[in-house]
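Each remark here refers to the structure printed beneath this line.
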Amino acid sequence: MPLSLAGKIALITGASSGIGWALAKVLAGEGCKVGLIARRAELLTQLAGEIAAAGGAAAVAIADVAQHESIEAGVKEIRSALGPIDLAIANAGIGTPTLLDPVNVADVEATFRVNLLGVVFTFAAVLPEMLQRRTGHLVAISSLAGYRGLPGESAYCASKAAVNVYMDGLRIHLRDTGVQATTICPGFIQTPMTAANTFHMPGLMSADTAARRIVRAIKAGRKDYNFPWRVHLLTKLSRWAPDRLINWMMADYNEQAKKQL
C-alpha cells in the first residue's frame with residue numbers, strides 16, 4: 001500500500017523552477033509541509049505564496065547547494081520553521097555543454113559541484129537526525145543521461161552517473177536504519193534547462209506530469225524509478241550503438257552548444 005505523505009516535512013532543493021517547483025506543489029497537495037531551497041529568493045517567495053493560497057504550508061531558505069556551509073544553514077532554517085525533515089529531495093541541477101578546445105573546466109567543475117556534491121551536502125545536512133529518529137527518506141533527482149555518456153555532454157552525464165552509483169551504495173548502507181533512499185532518473189522534462197534545446201526530445205513531458213510520477217514512486221518506496229520507459233529503453237540500447245552513430249546524432253547539438261557558450 002502506498003505510503004501517506006500527509007503531515008510529513010518535505011525539503012526540496014532547486015525549488016525555484018522546473019521539477020522542483022512542480023514537486024513542491026504536488027507534495028503540498030499531498031498534505032506535506034514543504035521547505036523550499038534555492039538561490040532565487042523572489043521565485044521561492046512566489047511559490048510559497050501560491051502554496052499558502054491553496055491552503056498549504058511552506059517555508060523558504062535561500063542557499064547554494066554547491067556550498068556545504070550554505071546548504072547546512074538553509075536546512076537548519078527550514079528545520080527551525082517546520083520541524084524535523086522526513087523527506088529530503090535533492091533536486092537542484094545544472095547542465096552546461098562540455099567543450100573540447102578549450103575544455104571549459106570551470107563549467108565542468110560547477111556541474112559536479114551542483115549535481116553531485118549538491119546531493120551529498122543536502123543529505124549530510126539531514127541524515128544524522130534521520131538516523132537518530134530511525135526514520136526518513138532521501139531522494140535524489142538524477143537523469144537517464146547517467147546511463148550513457150554523450151558527446152558534448154560528458155560532464156553532465158558523468159555527474160548523473162556518479163549520483164546513481166552514490167545512491168546505490170547509500171541505499172544499501174542504510175539498510176536496517178529506518179532511512180530509505182530513492183534514485184529518480186527522468187528523461188526529457190519541460191524545464192528552463194531544456195527550453196533552449198532545438199533538437200527533438202523523445203518522450204518530452206511537462207514538469208507537472210513528471211512531479212506526479214515522482215511522488216507516486218516515493219510513496220511506493222521505490223529504490224529507483226526510470227521514466228518514461230521508452231526513453232529508458234532507448235538509453236539502454238544506445239550503449240550498444242556504434243560511437244560514430246552517437247556522434248552523428250549529436251552533431252547538430254554540439255554545433256549549437258558552441259555558439260551558445
Rounded to the nearest 0.5 Å, how far apart are CZ of Phe227 and NE2 of His232?
-> 12.0 Å
Interatomic spacing from CG in Asn164 to SG in Cys185 - rounded to 0.5 Å | 4.0 Å
Pair Glu50-Gln46, side-chain donor/acceptor within less than 3.5 Å = yes
Considering all heavy atoms, the nearest Ala125-Val75 contact = CB-CG2, 3.7 Å
With no hydrogens and no angle check, do the side chains of Thr13 and Asn91 hold a donor and an acceptor under 3.5 Å apart?
-> no
Please report the closest heavy-atom contact between Ala217 and Ile184, naming both atoms and the distance.
-> CB-CD1, 4.2 Å
Taking the side chain from Arg134 and the backbone from Asp176, do they hold a donor-acceptor pair closer than 3.5 Å?
-> yes
For Ala155, does its backbone N or O pair with a side-chain atom of Thr98 as donor and acceptor, under 3.5 Å?
-> yes
Quick one: does Asp208's side chain have a donor or acceptor within less than 3.5 Å of a partner on Ala22's backbone?
-> no
Looking at side-chain heavy atoms only, is the closest gap between Ile12 and Trp21 below 4.5 Å?
-> no
Using modelled atom types only, decide if a donor and an acceptor are shared between the side chain of Asp107 and the backbone of Thr96 within a distance under 3.5 Å.
-> no
Between the OH atom in Tyr225 and the CD1 atom in Ile141, the distance rounded to the nearest 0.5 Å is 11.5 Å
What salt bridge (Lys or Arg N to Asp or Glu O under 4.0 Å) pairs are there with at least one residue in residues 27-41, not counting sequence neighbours?
-> Glu30-Lys219
Could you tell me whether the side chain of Lys223 reaches within less than 4.5 Å of the side chain of Thr183, counting heavy atoms only?
-> no
What heavy-atom pair brings Asn115 and Gly93 nearest, and what distance separates the two atoms?
-> OD1-CA, 3.2 Å
Could you pull out the closest heavy-atom pair between Gly146 and Ala161, with the gap in Å?
-> O-CB, 3.2 Å
Find out if a path of hydrophobic residues (ILVMFWY) with successive side-chain heavy-atom gaps under 4.5 Å connects Ile51 to Ile214.
-> yes
Hey, mind stepping through Leu87 and Lys8 against side chain to side chain contact (heavy atoms under 4.5 Å, CB included) and telling me if it holds?
-> CA-CA 7 Å; Leu87 170 64; Lys8 301 292 186 181; 5.6 Å; no
Say whether Leu5 and Ile19 are linked into one hydrophobic cluster, either directly or through other cluster members, by side-chain heavy-atom distances under 4.5 angstrom.
-> yes
Return each pair, listed once, that meets side-chain hydrogen bond (donor to acceptor under 3.5 Å, both in side chains) where at least one residue sits in residues 116-130; pairs must be two or more places apart or across chains.
-> Arg79-Glu129
Once you round to the nearest 0.5 Å, how far does OG1 of Thr235 lie from CH2 of Trp229?
-> 12.5 Å
Before giving the answer on side chain to side chain contact (heavy atoms under 4.5 Å, CB included), spell out for Tyr156 and Ser143 the whole-Å C-alpha distance, their side-chain angles and the decisive distance to 0.1 Å.
-> CA-CA 9 Å; Tyr156 181 77; Ser143 171; 3.7 Å; yes
Given side chain to side chain contact (heavy atoms under 4.5 Å, CB included), test Gln180 with Leu174 step by step and report yes or no.
-> CA-CA 7 Å; Gln180 295 177 273; Leu174 288 170; over 6 Å; no
Does the side chain of Arg148 reach to within under 4.5 Å of the side chain of Cys157, using non-hydrogen atoms?
-> no
Contact summary for Ile62 and Val60, nearest pair of heavy atoms | CD1-CG1, 4.0 Å
Mark yes or no for whether Ser142, through its side chain, and Lys160, through its backbone, hold a donor-acceptor pair below 3.5 Å.
-> yes
From Leu47 atom CG to Ser16 atom OG, the distance as rounded to the nearest 0.5 Å = 9.0 Å
Non-hydrogen atoms of Ile71 and Phe121 that approach each other most closely = CG2-CB, 3.5 Å
Backbone of Thr135 reached by a side-chain donor or acceptor of Arg133 within 3.5 Å | no
Would Val114 end up clustered with Val163 when hydrophobic side chains under 4.5 Å apart are linked, directly or stepwise?
-> yes
Does Val108 belong to the same Ile/Leu/Val/Met/Phe/Trp/Tyr cluster as Val65, with side-chain heavy atoms less than 4.5 Å apart forming each link?
-> yes
Side chains of Leu11 and Ile9: does their closest heavy-atom pair fall under 4.5 Å?
-> no
Kindly work out whether a path of hydrophobic side-chain contacts (I/L/V/M/F/W/Y, heavy atoms less than 4.5 Å apart) joins Ile37 to Ile89.
-> no
For the atom pair NE2 (His173) and OH (Tyr166), what is the distance rounded to the nearest 0.5 Å?
-> 10.5 Å
Evaluate side chain to side chain contact (heavy atoms under 4.5 Å, CB included) for Thr182 paired with His137, printing each intermediate quantity in order.
-> CA-CA 8 Å; Thr182 297; His137 198 158; 2.7 Å; yes
Can any side-chain N or O of Ser70 pair as donor or acceptor with the backbone N or O of Gln67 at less than 3.5 Å?
-> no
